[in-house]
Amino acid sequence: MTFTTRFAPSPTGPLHLGHAYSALVAHDMARASGGRFLLRIEDTDIDRARAHWEEQIYEDLRWLGLDWESPVLRQSEHLAEYNATLMQLAERGLVYPCSCRRSDIRAALSAPQEGQPRGPGVYPGTCRDRPMSSRQPGDALRLNMERSVAGISMPVFNETGPKHVGRQQLDAALLIRDIGDAVLGRKEIETVSYVLASVIDDASQGITHVVRGEDLYQITFLQVLLQRLLDLPTPVYHHHRLIRDDAGKRLAKRDDARAIAGYRAEGASPQDIRTMVGLKPIPSSF
Ligand code: GLU
């Protein structure tokens, strides 16, 4: 199978050094194995995605020396497909509507807990018994984790990243405790969460290797479970280290000071960016 990977930014702000590192690592891995590199625009967050950020992504990546296959998949053009998959899960009784706001969840979490132990911030299950027929505009849709893990054999995935190398086994009790009833359908009708859209696209685009930051390591367990529930293939995962600021904090979109566009404007070269993120110069044969 041809090594196929992707870089999947959300156009909600400028690309910074952390994005550059992620895109370059994926691109280098694809080139080194004679594989394919795809770009996917994850623009399902209609409140925050902007056309000008998307344009800037293309410009910055081209400037960095990356090339990718056309056409680029833009998730906003596939909402009906994602929603149809979500409805399949709903028909199987694996999804329920939830009207809880953040403040409701906080209040429920601060009350004494009963039943199964839950990790910090994991949804307490307030709406779990609601049928799909009670869905109101503005309700999110959540995965019923306990039901989803019941009666299936737990999948494994292979990890090649520096921190968690090797075969990783999912564990039903840990999925319930640490991930719980994740939101799959957002409160805006017909908008699914990135977690599900990305699983559907990784399969439809034939992604064999997902290369991304280690901040998404835990999400992988949820995504591998979704692949099992939807009968989709599980790629190999490579969670790379994160690029941090001088204080050791992970870079975020708001860290405009580290935006690639800013470095470009100051006269940095693509090679300088590679050096800044600790990558070797591009071999001349590329
Ligand atoms: N759109 C996601 C992000 O920007 C991509 C995560 C992934 O590569 O799966 O964080």
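For the single chain, residues carry numbers from 1 onward in sequence order. These values consider heavy atoms only, across backbone and side chains, with no hydrogens, waters or symmetry-generated copies. In listed order, ligands and their atoms are each counted from 1.
Contact analysis puts Arg6 in contact with ligand 1, with a non-hydrogen atom separation below 4.0 angstrom.
Below 30°, between 30° and 60°, or above 60°: for Tyr21 and His240 the angle between ring planes is above 60°, a perpendicular geometry.
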* Stepwise side chain to side chain donor-acceptor pair (under 3.5 Å) test for Thr4 and His209 -> CA-CA 6 Å; Thr4 305; His209 290 72; over 6 Å; no

* To do: Given side chain to side chain donor-acceptor pair (under 3.5 Å), test Asp272 with Ser269 step by step and report yes or no.
  => CA-CA 5 Å; Asp272 294 335; Ser269 70; 3.2 Å; yes

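Of all atoms in ligand 1, numbered sequentially from 1 with element shown, those under 4.0 Å from a heavy atom of Glu42 are 1 (N), 2 (C), 5 (C). Shown in contact with Tyr194 at under 4.0 Å from a heavy atom are these atoms of ligand 1, numbered in order with element: 2 (C), 5 (C), 6 (C), 7 (C), 9 (O). The contact set between ligand 1 and Arg212, taken as ligand atoms under 4.0 Å from a residue heavy atom, comprises 7 (C), 8 (O), 9 (O).
Counting heavy atoms of neighbouring residues, nucleotides and ligands inside a 6.0 Å radius, atom CG of Asp47 exceeds 12 of them.
In summary, the side chains of Glu42 and Gln75 do present a donor paired with an acceptor at a separation below 3.5 Å, with no hydrogens or angles considered.
For Val210, no heavy-atom contact with ligand 1 is shorter than 4.0 Å.
Among the atoms of Ala8, some N or O lies under 3.5 angstrom from an N or O of ligand 1.
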